[in-house]
Novice: 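Mind looking over this structure? Questions follow.
Note that ligands are numbered from 1 as they come in the structure, with each ligand's atoms numbered from 1 the same way. If you read the sequence from its start, that first residue is 1, and numbering goes on from there. None of these values were measured; they are calculated from a predicted model.
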Amino acid sequence: MGQPKYLTGDSAAINAFIDQFDVFLLDCDGVLWSGDHLFEGIVETLEFLRSKGKRVVFVTNNSTKSRPDYQKKLTALGIPSNVEEIFASAYSAAVYISRIMKLPAPKNKVFVIGESGIETELRAEGVPFVGGTDPALRRDITPEDFTGLADGSLLDPDVGVVLAGLDFHINYLKLSMGYQYLQRGAKFLATNLDSTLPTNHTFFPGAGSISIPLINMTGQNPTALGKPSQAMMDAIEGKFQLDRARTCMVGDRLDTDIQFGIQGKLGGTLAVLTGVSKKEQWEAEGANIVPSFYVDRLSDLRAAAS
Ligand code: PLP
Ligand code: CA
C-alpha cells in the first residue's frame, strides 16, 4: 500500500492540500486537544481554514457528551462553533434510532448503558429510554434481582433497543439487564467501539470495552454509530450536502478516524501525530489502514502555508 504524503514544513504541498478540499471533518480529542488541554495554535489554525472559505465539522466518538455539552467545551477553549457543526456519537445514535430504525411504539424504548450525553440526545429526538444515569441501578445486584431478571418482572416490557456507550458506573446489574433485553429480542447498538479512552496520563477502558461482555454473552456484534460507522458519514453527508471528493477526514486514530474517511471514499484523510496512532503503524508491512497525508500536528497546516 502507498505511503502518505508528509506535509509538515512543506508550504507548497500544504497549499495544494488545502486547495483540494472544501470541508474538513475534524476529530477532536488527539487533534484539537488532549483531555482539557488545547494544543497550541489550534484556534488560529481553525480561523485560518475558515478564512479560506473551508467548512469545518467537529466529529467525535465521545458519547459521554451531548452536542450542547460539546459546544460549551469548544467555547471554553476559545473555538467558535455552531451546535449544527458538531457530530458526536451519542447524537448519531439518537438520530439513527429515531429517524432510521423508527421502532413502532410501545416497543421503542431504549435501555441505555452510558452517561448523560446519550440521555440528552435521546430526549432531544423524542426517544423514550430507561437505565442510563438512573441512580437506582448504581448498586450491587441482589438475590431478588436475579429472580426478577429471570422472570422478567424487573424488566421494562417496552424496551426494543440496548444502546451501549461509555458508562463510568458500569456494573453487574446493568450488564445483566442489558443481556436479558438482548435475549428477549432487543436490537443491539453501540455509540462507538473505541477500545480505549486516552487521557493525559494513560489509557482507560473505552466505550467498545463496555460492549465486550454483552458481545461475549450473546455472540452478537452491535451496530456502532460512531466513527468508522458509515451511518454517521451518511448523516453528515445529508446535513451538509457533502461532496465527498472534496472532503478530508482529519484524525489521530487509524481504526476509527482514518478508516472512517477511507470507507466513506472521501477525497483524502489526514493523520496527526498528537494522539493515539503512531506512524510506525502505517509504515509496518501489511498495514491496511493508511492515511493519504500526515502532519506532526494540525497547526502545521497554518505554520507553513502562506
Ligand atoms: N469516548 C470518550 C468517552 C472520550 O472521552 C473520548 C475523548 O475524549 C473519545 C471517545 C474519543 O473522542 P474523539 O473521537 O474526539 O477522539
Ligand atoms: Ca481522536
Side-chain angles (χ1 to χ4, degrees), residues 24-39 42 46 56-67 69-74 76-77 79 81 85-93 112-121 132-133 163-170 189-212 222 224-229 231-233 235-236 248-261 263-264 269-279 281 289 291 294-298:
F24 290 90
L25 305 182
L26 300 176
D27 168 56
C28 297
D29 197 82
V31 172
L32 308 178
W33 59 69
S34 170
D36 288 325
H37 167 69
L38 181 70
F39 296 138
I42 291 298
L46 297 186
V56 299
V57 181
F58 303 96
V59 186
T60 177
N61 269 3
N62 185 349
S63 68
T64 63
K65 286 183 164 48
S66 65
R67 293 190 304 159
D69 292 334
Y70 240 83
Q71 198 192 12
K72 266 185 224 142
K73 173 160 186 165
L74 286 160
L77 292 173
I79 302 174
S81 67
E85 296 171 326
I86 301 168
F87 269 78
S89 59
Y91 172 66
S92 184
V112 176
I113 297 180
E115 297 292 330
S116 65
I118 298 176
E119 296 176 321
T120 305
E121 296 295 5
T133 59
L163 171 60
L166 186 54
D167 187 327
F168 294 113
H169 302 85
I170 186 69
L189 303 184
T191 53
N192 60 302
L193 293 176
D194 297 39
S195 56
T196 51
L197 170 66
T199 71
N200 293 344
H201 314 286
T202 180
F203 290 96
F204 287 94
S209 300
I210 302 284
S211 295
I212 293 291
L225 283 313
K227 298 166 288 184
S229 162
M232 195 184 216
M233 186 67 87
I236 297 172
C248 180
M249 176 68 208
V250 182
D252 67 299
R253 197 162 186 145
L254 294 181
D255 63 345
T256 55
D257 307 319
I258 302 304
Q259 182 76 318
F260 183 60
Q263 285 182 351
T269 55
L270 173 71
V272 298
L273 294 176
T274 43
V276 173
S277 295
K278 310 278 171 240
K279 67 178 168 151
Q281 284 172 253
I289 308 175
Y294 80 101
V295 283
D296 292 340
R297 57 193 76 77
L298 189 67

Novice: Looking at L254, is its backbone amide N or carbonyl O close enough to the side chain of S277 to form a donor-acceptor pair, meaning the two atoms are under 3.5 Å apart?
Specialist: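 Yes.
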
Novice: At a cut-off of 3.0 Å, what protein N/O/S atoms sit near the Ca ion (ligand 2)?
Specialist: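 Sorted hits: D27 OD1, D27 OD2, D29 O, D252 OD1.
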
Novice: Could you give the distance from OG (S209) to CG (D194), rounded to the nearest 0.5 Å?
Specialist: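 It is 9.0 Å, given to the nearest 0.5 Å.
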
Novice: Given R253 and D255, is the salt bridge (Lys or Arg N to Asp or Glu O under 4.0 Å) satisfied, shown in steps?
Specialist: CA-CA 6 Å; R253 197 162 186 145; D255 63 345; 3.4 Å; yes

Novice: Inspect the contact between K227 and D27 and indicate whether a charged nitrogen and a carboxylate oxygen are less than 4.0 angstrom apart.
Specialist: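 Judged by the 4.0 Å cut-off on N to carboxylate O distance, D27 and K227 do form a salt bridge.
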
Novice: Go through Y70 and T60 one step at a time and tell me if the side chain to side chain donor-acceptor pair (under 3.5 Å) criterion holds.
Specialist: CA-CA 9 Å; Y70 240 83; T60 177; 3.2 Å; yes

Novice: Give me the atom names and distance for the closest heavy-atom approach of D29 to G35.
Specialist: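 It is OD1-N, 3.0 Å.
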
Novice: Test V272 against every option in D296, D252, L26 by the side-chain contact (heavy atoms from CB on, under 4.5 Å) rule and name the one that passes.
Specialist: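 So, applying the side-chain contact (heavy atoms from CB on, under 4.5 Å) to V272 and each of D296, D252, L26, only D252 qualifies.
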
Novice: For L32 versus L298, what's the shortest heavy-atom pair and its separation?
Specialist: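 So the two residues come closest at CD2-CD2, 3.9 Å.
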
Novice: Give the minimum heavy-atom separation between S63 and G165, together with the two atoms involved.
Specialist: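 Minimum heavy-atom contact is OG-CA, 3.9 Å.
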
Novice: Considering only N or O atoms, set out every pair between ligand 1 and the protein closer than 3.5 Å, with distances to one decimal place.
Specialist:
unit_1	atom_1	unit_2	atom_2	d
ligand 1	5 (O)	N62	ND2	3.2
ligand 1	12 (O)	T60	OG1	3.4
ligand 1	14 (O)	D27	OD1	2.9
ligand 1	14 (O)	N61	N	2.8
ligand 1	14 (O)	K227	NZ	2.9
ligand 1	15 (O)	D27	OD1	3.2
ligand 1	15 (O)	C28	N	3.4
ligand 1	15 (O)	D29	N	2.9
ligand 1	15 (O)	T60	OG1	2.7
ligand 1	16 (O)	D27	OD1	2.9
ligand 1	16 (O)	D29	O	3.1

